[in-house]
Amino acid sequence: MAETTKTTKTTKTTYEWTNRRLLFSPERDTDIDWMDAFAQAPSVLERDTYLRIYFSCRPKPIDGRYVSYSAYVDVDKRDFSILRVSEEPVLSLGERGTFDEFGIYPFSAIDAGDEVHAYYGGWTRCTSVPFNVAIGKAVSQDGGKTFERIGPGPVLSYTLDEPFVLSGPKIRRFGDMWYLFYIAGREWLMHEGKPEPVYKIRLATSADGVNWVKQERDLIESIVPDEAQASPDVFYENGSYHMFFCYRDATDYRKNPERTYRLGYASSPDLLNWTRDDDVMRFIRSDVGFDDEMVAYPHTFVVGGKRYLLYLGNEVGRAGFGIAERKEETT
């Protein structure tokens with residue numbers, strides 16, 4: 001009698017989401033003048049009874065030009081109701097001529113003993129292109145309410161193969177090492193008379209959180225021509241490292257739904273070698289609402305045993321940031 005071989009069908013693990021809504025909106029939830037619009041790049045620190053969510057915002061523009069501040073909103077861990085909003089920016093803008101004179105965005109914080117350490121994109125204005133960005137570090141001694149720079153210059157800046165736009169820092173610690181995921185500019189493309197940046201996700205490592213060794217490689221393969229990538233949000237789960245990120249076409253992305261920001265996914269065994277599979281990240285723009293044109297800048301966290309996703313909607317977070325809950329996996 002011949003043996004029969006039983007085959008087992010494997011099911012791909014995916015991230016399905018539900019209960020999505022606008023969590024925080026400066027226009028709806030505050031009357032602070034320096035927080036007129038936008039709540040960009042949310043990042044969570046967990047506390048005993050609440051979550052502190054850092055984000056970046058803007059006052060009204062002056063002569064058509066914005067500056068960007070970083071702030072926080074505290075929400076209840078049980079129902080995500082808003083408890084308080086920071087009364088002042090968590091970090092002042094840089095002094096005249098410094099790399100962060102015109103913006104503190106994005107802002108990524110991590111607990112480090114009795115201190116909170118933060119890494120942020122510092123913006124300066126340019127002539128031939130609108131801006132340049134480098135990455136700074138600041139430290140808080142009061143639980144993350146206010147921060148002070150460790151110095152007037154950046155901890156990660158332009159180098160021979162990363163000539164401009166180092167931004168989007170996401171700080172992580174795995175074991176005894178610090179890992180700083182960030183984006184680095186590749187080129188500026190002209191479109192309808194305006195320069196548009198192309199940037200890729202990269203990684204630097206450090207033993208002390210100050211002195212960084214760049215890994216000198218793009219982490220995520222591109223799937224569209226001149227793809228711009230941002231917001232690499234990395235976590236460890238079920239024996240692997242996972243990254244949620246966003247990407248867009250280099251040009252014509254602000255209102256074109258086929259070219260604008262959408263969310264991607266990759267996994268890795270070692271934080272250096274990543275396999276991209278965007279189908280795992282089951283999250284697209286809504287049919288109507290604050291996120292019916294784009295979804296961008298993901299940040300994920302776990303509280304109460306459930307995984308959540310914070311993200312930006314239209315115009316890269318003009319209305320604020322949203323939240324969604326991962327659906328329970330079924331077998």
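In this structure, OG in S157 is found 9.0 Å from CD1 in I135, a value given to the nearest 0.5 Å. In this structure, I53 CD1 and I323 CD1 are separated by 6.5 Å, a value rounded to the nearest 0.5 Å. Taken to the nearest 0.5 Å, the OG atom of S222 stands 9.0 Å off from the CD1 atom of I201. Taken to the nearest 0.5 Å, the CG atom of D100 stands 9.0 Å off from the OG1 atom of T124. One distance of note links CG of D233 with CZ of F301; it measures 11.0 Å at 0.5 Å rounding. Atoms CD1 and CD1, on I171 and I110 in that order, are 5.5 Å from each other to the nearest 0.5 Å.
Ring geometry for Y241 versus F174: interplanar angle over 60°, hence perpendicular rather than tilted (30 to 60°). In this structure, Y265 and H242 have tilted ring planes: the angle between them lies in the 30° to 60° band. Ring orientation note: the planes of F55 and F321 are tilted relative to one another, at an angle of 30° to 60°. Ring geometry, F235 versus F244: the interplanar angle exceeds 60°, so the pair is classed perpendicular (tilted spans 30 to 60°). Taking the six-membered ring for Trp and thresholds of 30 and 60 degrees, Y247 and F245 have ring planes inclined between 30 and 60 degrees apart.
With contacts defined as side-chain heavy-atom distances shorter than 4.5 Å, the pair R282/V280 does not qualify. Side-chain contact between V116 and K145: absent, with no pair of heavy atoms (C-beta onward) separated by less than 4.5 Å. Side-chain atoms of S206 and M177, non-hydrogen and from C-beta on, never get closer than 4.5 Å to each other. The side-chain heavy atoms of V198 and R248, taken from C-beta on, include no pair separated by under 4.5 Å. V165 is listed as a side-chain neighbour of N132, based on a closest heavy-atom distance under 4.5 Å. A 4.5 Å side-chain heavy-atom check between R217 and N273 finds at least one atom pair inside the cut-off. A heavy-atom distance below 4.5 Å is found between the side chains of V85 and I32.
There is a side-chain donor-acceptor pair under 3.5 Å between K170 and S231. In the model, S56 has a side-chain atom that pairs as donor or acceptor with a side-chain atom of S70 under 3.5 Å. The closest side-chain donor-acceptor pair between K255 and T260, if any, does not fall under 3.5 angstrom. There is a side-chain donor-acceptor pair under 3.5 Å between E196 and Y253. N314 and D292 share a side-chain donor-acceptor pair at under 3.5 Å. With 3.5 Å as the limit, one finds no donor-acceptor pair spanning the side chains of Y199 and E187. Between the side chains of T251 and K194, no donor-acceptor pair of N or O atoms lies under 3.5 Å.
I223 CD1: more than 12 foreign heavy atoms inside a 6.0 Å radius. Shown here is I284, whose CD1 atom has no more than 12 heavy atoms of other residues, nucleotides or ligands within 6.0 Å. No more than 12 heavy atoms of other residues, nucleotides or ligands shown are found within 6.0 angstrom of CG on D114. Environment of CZ in R78: sparse, with no more than 12 heavy atoms of neighbouring residues, nucleotides or ligands closer than 6.0 Å.
A cation-pi contact, defined as under 6.0 Å to the ring centre and within 45° of the axis, links K137 to W178. The cationic group of R58 lies under 6.0 Å from the six-membered ring centre of F38 and within 45° of the ring axis, placing it in a cation-pi geometry. Note that R84 lies in the cation-pi zone of Y50, set by a 6.0 Å cut-off to the ring centre and a 45° limit from the axis. Both cation-pi conditions hold for R125 and F102: the charged atom is under 6.0 angstrom from the six-membered ring centre and inside a 45 degree cone around its axis. Judged by the 6.0 Å and 45° rule, R20 forms a cation-pi pair with F283.
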Starting from the C-alpha separation in whole Å, work towards a yes-or-no answer on salt bridge (Lys or Arg N to Asp or Glu O under 4.0 Å) for R202 and D161. CA-CA 12 Å; R202 296 204 138 194; D161 69 332; 3.3 Å; yes
For the pair D33 and K60, evaluate side-chain contact (heavy atoms from CB on, under 4.5 Å) and give the outcome as yes or no after the intermediate values. CA-CA 8 Å; D33 58 0; K60 293 183 183 299; over 6 Å; no
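In summary, the aromatic rings of F131 and W188 are positioned with their centroids under 6.0 Å apart. Between Y308 and W17, the distance separating the two ring centers is not shorter than 6.0 angstrom.
When each of R326, R307, E237 is paired with T300, the side-chain hydrogen bond (donor to acceptor under 3.5 Å, both in side chains) condition holds for R307 and for no other.
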